[in-house]
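Step one of this worksheet: look at the structure below.
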Amino acid sequence: MTGSGAVVVVGGGVLGTMHALWALESGFDVVHLESDLAARSASVRNFGLVWVGGRAAGPELELALRSRELWEVLAEKVPEIGFRPAGSLTVGTSRQELALMEEAFEREDSAERQWELLDASDALEVNPELSGAVLGALYCGADAIVEPRAATQAIQGYMAEVPGYRWLPGRSAVELADRAVRDDSGAWHRADWVFLCTGARLTGLVEQYVERPPTRRVRLQMLQTAPYPGRLTTALADGDSMRYYPAFDLPGRRQLEPQDETAARSHAQLLVAQRTDGSLTIGDTHDYEEPFPFDLDEAAYGHLLSKAAQLLRQPVPPVRRRWAGVYTEMVDKLRYLYWREEILPAVEVVNGPGGRGMTCSPAIAEASLRSLVTKARA
Ligand SMILES: Cc1cc2nc3c(=O)[nH]c(=O)nc-3n(C[C@H](O)[C@H](O)[C@H](O)COP(=O)(O)OP(=O)(O)OC[C@H]3O[C@@H](n4cnc5c(N)ncnc54)[C@H](O)[C@@H]3O)c2cc1C
């Protein structure tokens, strides 16, 4: 696939970075603008979970599966991404959770998700760090992990060696015109195509041109521990995660016991990913009402830490870091996977992948460039 000409990408998060990479590899020169000195937003604040198993059947699952393939291929070129085909275990601690897993396992696309239904002893064999509280698990062989604090910067470092790439950190895009962007130093960047991947920050640029974006913002709380003494062979999700992922939207979901009060109030699910240094990234909560709190809610952390302590064989290490992050998702996220709109001639917004953005960015960027190259050839 070869294009020619120039592309401007606004946003140095994972979505913008994947667009820059695919544009470069498709033969375009790329100017890449980022407001911060390095990406500091959702793309570095997430779990790094390439999460395929819980996706809705059909296009969402296809997008996640394609992305999973692309992450793996990319990691051969950029090993600092830290891609591990670790798989995941969604673990059950009640009869109702196990019943919902069994029901999900009967889905006709179960094999595509590489799901396996495990009893307690099989789950322990797959991940020996589980505690005796785990009664069974749904293993997903398609899930993987990357290192969020390193991945986007590593890809940008890789691109810096490729002729035709210009990374401009500390430059905010402030004005748009047909095929062009002005940054806050006053410089205009003209191109054949402009991708706006500004994440949760739509004010200041995109909202000048779009009255009502089809997205909403979601705020999450996260933490990271000191190194855990054991090795988690898989990522982990608790039974509450099945309340949120669309693959589990099945009759058995309504039979789940009421969620713990603190968890319900903060829309919490437990996800755990072990980092390459042994520490655990633990989350998350979901706030949907703006204005978001500016501070962190300790009760929600208490719930997540006690859930992690319940599911792990060894004590959860001390917390070293806490943070919140914000992503954008489609208001109608069951119908639309993300927001793609040409808001001025050859100026396109790509945004709103939601809680699946780290997973799906490679395939979203691939689709963007396929469409651009087709246009360039026409
Ligand atoms: C806590 C948390 C956990 C998550 N966990 C996962 C996970 O494990 N797996 C998964 O698949 N997804 C996960 N997600 C979702 C995923 O992180 C996001 O969907 C994804 O990072 C969005 O990437 P982005 O590039 O669109 O946005 P961002 O990462 O927000 O990047 C946008 C960038 O654009 C820049 N920018 C904005 N305006 C301008 C401008 N005018 N000029 C120049 N630059 C500008 C910003 O500074 C920013 O760096 C999580 C999200 C959060 C918050």
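Values reported hereafter were calculated over all heavy atoms of this structure, with side chains retained and with hydrogens, waters and symmetry mates removed. Counting convention: from 1, in listed order, for ligands and their atoms alike.
Considering backbone and side-chain N/O of G354, one or more are found under 3.5 Å from N/O of ligand 1. Considering backbone and side-chain atoms alike, C360 places every N or O at 3.5 Å or more from each N or O of ligand 1. Residue E34 has at least one nitrogen or oxygen atom sitting less than 3.5 Å from a nitrogen or oxygen atom of ligand 1, judged on distance alone. In terms of polar-atom proximity, defined here as any N/O pair under 3.5 Å, N46 does make such a contact with ligand 1. Every N/O-N/O distance between A39 and ligand 1 stays at or above 3.5 Å. For ligand 1, none of its N or O atoms has an N or O atom of W323 under 3.5 Å away. Between G325 and ligand 1, a contact under 3.5 Å exists for no N or O pair. On a distance-only criterion, T359 and ligand 1 share at least one N/O pair closer than 3.5 Å.
Residue contacts with ligand 1 do not include R219, since none of its heavy atoms lies under 4.0 Å from the ligand. Residue-ligand proximity: V326 is placed with a non-hydrogen atom under 4.0 Å from ligand 1. Not a single heavy atom of N351 sits under 4.0 Å from any atom of ligand 1. Using a 4.0 angstrom heavy-atom cutoff, Y327 counts as in contact with ligand 1.
With hydrogens left out, the protein atom closest to atom 40 (C) of ligand 1 is S35 OG, 3.4 Å, a heavy atom. Looking only at protein heavy atoms, the nearest one to atom 12 (N) of ligand 1 is G355 O, 2.9 Å. The nearest protein atom to atom 42 (N) of ligand 1, hydrogens excluded, is given as A173 N, 2.8 Å; this is a heavy-atom distance. For atom 7 (C) of ligand 1, the nearest non-hydrogen atom of the protein is L49 O, 3.7 Å. In terms of protein heavy-atom proximity, atom 31 (O) of ligand 1 is nearest to G13 CA, 3.4 Å. In terms of protein heavy-atom proximity, atom 34 (O) of ligand 1 is nearest to G11 CA, 3.3 Å. With respect to atom 26 (O) of ligand 1, the closest heavy atom belonging to the protein is L15 CB, 3.6 Å. Atom 27 (O) of ligand 1 has G199 CA, 3.4 Å as its closest protein atom, hydrogens excluded (heavy atom only).
In terms of heavy atoms, A39 sits closest to T152 at CB-OG1, 4.4 Å. Nearest heavy atoms, A299 versus T262: O-CG2, 3.5 Å.
Residue-level proximity to ligand 1 for C197 is carried by the backbone, the only part with a heavy atom below 4.0 angstrom. Proximity of D183 to ligand 1, defined as any heavy-atom pair under 4.0 Å, is not found for any part of the residue. Contact annotation: for M222 versus ligand 1, heavy atoms closer than 4.0 Å belong to the side chain alone. The proximity of T198 to ligand 1, defined as any non-hydrogen pair under 4.0 Å, involves the side chain as well as the backbone. Contact annotation: for P353 versus ligand 1, heavy atoms closer than 4.0 Å belong to the side chain alone. The proximity of M358 to ligand 1, defined as any non-hydrogen pair under 4.0 Å, involves the side chain as well as the backbone.
For R340 and S368, the side-chain atoms include at least one donor-acceptor pair closer than 3.5 Å. When only modelled atom types and interatomic distance are considered, S35 and R201 share a side-chain donor-acceptor pair under 3.5 Å. In summary, the side chains of E129 and Y228 do present a donor paired with an acceptor at a separation below 3.5 Å, with no hydrogens or angles considered.
Using a 4.0 Å cut-off between a side-chain N of Lys or Arg and a carboxylate O of Asp or Glu, K77 and E25 qualify as a salt bridge. Using a 4.0 Å cut-off between charged nitrogen and carboxylate oxygen, R84 and E147 count as a salt-bridge pair.
Listed by number with element, the atoms of ligand 1 under 4.0 Å from a non-hydrogen atom of G48 are 8 (O). Ligand 1 places these atoms under 4.0 Å from at least one heavy atom of D36: 47 (O).
Under the salt bridge (charged side-chain N to carboxylate O under 4.0 Å, His left out) criterion, E76 pairs with no residue, sequence neighbours left out. With sequence neighbours left out, the ring pair (Phe, Tyr, Trp, His ring centres under 6.0 Å) criterion links W167 to H32.
P362 has its side chain out of reach of E366: every pair of non-hydrogen atoms, C-beta onward, lies at least 4.5 Å apart. Within the 4.5 Å cutoff, the side chain of E207 has heavy atoms near those of the P213 side chain. Between Q114 and Y139, every side-chain heavy-atom pair lies at or beyond the 4.5 Å cut-off. Using a 4.5 Å heavy-atom threshold, the side chains of L118 and L138 count as separate.
Distance check, rounded to the nearest 0.5 Å: CG of L70 to OG1 of T359 gives 12.5 Å. Between the CE atom of M18 and the CD1 atom of I155 there is a distance of 4.0 Å, given to the nearest 0.5 Å. Taking CG from L100 and CD from E103, the interatomic distance works out to 6.0 Å, rounded to the nearest 0.5 Å.
Ring pair W51/Y244: centre-to-centre distance not below 6.0 Å.
Closest to atom 22 (C) of ligand 1 by heavy atom, among S43, S172, S41, is S43.
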